[in-house]
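Along the sequence shown, residues carry numbers from 1. Computed over heavy atoms, backbone and side chain alike; hydrogens, waters and symmetry mates excluded.
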Amino acid sequence: MQLSDFDYELPERYIAQVPIEPRDSARLLVDRGDGIEHLHVTDLPGLLRSGDLLVLNETRVIPARIRLKRSTGGGAEVLLLDPLDDGPGGDRRRWEALARPGGKLRVGEVLTQDGVDVVRMGPRTAAGDTFEIEIIAEGDPLAVLDRHGEMPLPPYIGTRLDDPDRYQTVFAKEPGSAAAPTAGLHLTAEVFAALSAAGVRTATVELVVGLDTFQPISTDDPLDHPMHTERYRVPDATWAACQATRAAGGRVIAVGTTAVRALESAAARGELEGRTDIFIHEGFEWQVVDVLMTNFHLPKTTLLMMIDAFIGSRWRDLYAEALAADYRFLSFGDAMLLERRSP
């Protein structure tokens, strides 16, 4: 396996800079393994079957990017990834975070915004590429983020987002993620109503989207890429629904790669809640997910490796077809509906 196995040319003009309106008008490339259809997300209810189960990641994006100043007058920025004190009694003041300029920031250094002390730097984490930080501004930490933070749009999006809710799914509940589960951005109340009328049930999981969403693979051998852990939770009712659906001949449809990681982590680990560093690549033994709705992903990423594990090298043909048909790529782009390749 080589990094070039997961590379393709993505001209900048294909990278969607703004979300499409309405949400469910996004295009949907459908592949069942025997041909491609070009449809829209509004067509999703007609593509699924009565008895199928649609699984959503209900995580909510927080204003996790904070632009700050150092005492020297220079700029700094932190991107919160995961609370380090989120257990019982925790108040979400201590976080794992990306920070820049990482090589210059000192342990104990206080970073400010508009004269307010907001963040105190801690040491590097064991991972080596992130830091421990503490939110020191007064008030509830999530309220502090509402005042001082901003939506953490990916670096390939350079256009200002006028409505922050457009980087939020309509079903988002649990605040905590540094990125949206973007396949879910396309779904609307109208689509959910049509799914219900078609006999398709829905269930939720939570996976706090973390660092691997931002990290391209940096090793020549992709299998050497270090995966960071992410918190996940699969409710008992969701797990029971997945088992009952498959036992009755229905299919489990994951909306997005984050829902995949939550479900397959629960199966592989035998735990419905915890931290996972699951790395899904060629040869992975799928246990839960039958169909995947997902956006188009960056080259040389673990997300693309997951797609390769799900449908094989056919992803290259699908991506080439999408580019030729002027699909919009990445977070604000269009979507695909993929049936898993048989072993």
Could you check whether [X] pairs with [Y] (Lys NZ or Arg NE/NH1/NH2 to Asp/Glu carboxylate O, under 4.0 Å)?
X: E77; Y: R100; answer: yes
X: R233; Y: E58; answer: yes
X: E21; Y: R166; answer: yes
X: E230; Y: R261; answer: yes
X: R147; Y: D114; answer: no
X: R32; Y: E37; answer: yes
X: E339; Y: R251; answer: yes

Is a side-chain N or O of [X] found less than 3.5 angstrom from the main chain of [Y], in a donor-acceptor match?
X: S196; Y: A193; result: no
X: R70; Y: G74; result: no
X: E264; Y: V289; result: yes
X: R231; Y: R275; result: no
X: E321; Y: L318; result: no
X: R65; Y: L153; result: yes
X: D85; Y: R94; result: yes
X: Y167; Y: M151; result: no
X: D334; Y: A26; result: no

Is there side-chain contact between [X] and [Y], with at least one heavy-atom pair below 4.5 Å?
X: L53; Y: C242; value: yes
X: I135; Y: L145; value: yes
X: V41; Y: S25; value: no

If we count only N and O atoms by modelled type, under 3.5 Å, do the side chains of [X] and [Y] hold a donor and an acceptor together?
X: T42; Y: D24; result: no
X: H228; Y: E96; result: no
X: T294; Y: T257; result: no
X: R201; Y: T245; result: yes
X: Y156; Y: S331; result: yes
X: T258; Y: N57; result: yes

With a 3.5 Å cut-off and sequence neighbours excluded, list the donor-acceptor pairs that the side chains of residues 305-316 form with protein atoms.
unit_1 : atom_1 : unit_2 : atom_2 : d
D308   : OD1    : W315   : NE1    : 3.3
R314   : NE     : D31    : OD1    : 2.9
R314   : NE     : D31    : OD2    : 3.2
R314   : NH2    : D31    : OD1    : 2.7
R316   : NH1    : D7     : O      : 2.9
R316   : NH2    : S4     : O      : 3.1
R316   : NH2    : D5     : O      : 3.0
R316   : NH2    : D7     : O      : 2.9

Point to revise | CA sep, side-chain torsions, deciding dist, call: F329, H297, ring pair (Phe, Tyr, Trp, His ring centres under 6.0 Å) | key: CA-CA 7 Å; F329 274 55; H297 302 295; 9.6 Å; no
**Study point:** Criterion salt bridge (Lys or Arg N to Asp or Glu O under 4.0 Å) against E134, the qualifying member of R93, R92, R120
**Key:** R120
Review point. Mind checking whether F296 and Y319 have ring centres under 6.0 Å apart?
Key: yes
Study note, to complete from the structure: Only residue of L80, L111, L84, L105 satisfying side chain to side chain contact (heavy atoms under 4.5 Å, CB included) with I133 is L80
**Study point:** Single-linkage hydrophobic cluster V55~V255, side-chain heavy atoms < 4.5 angstrom
**Key:** no
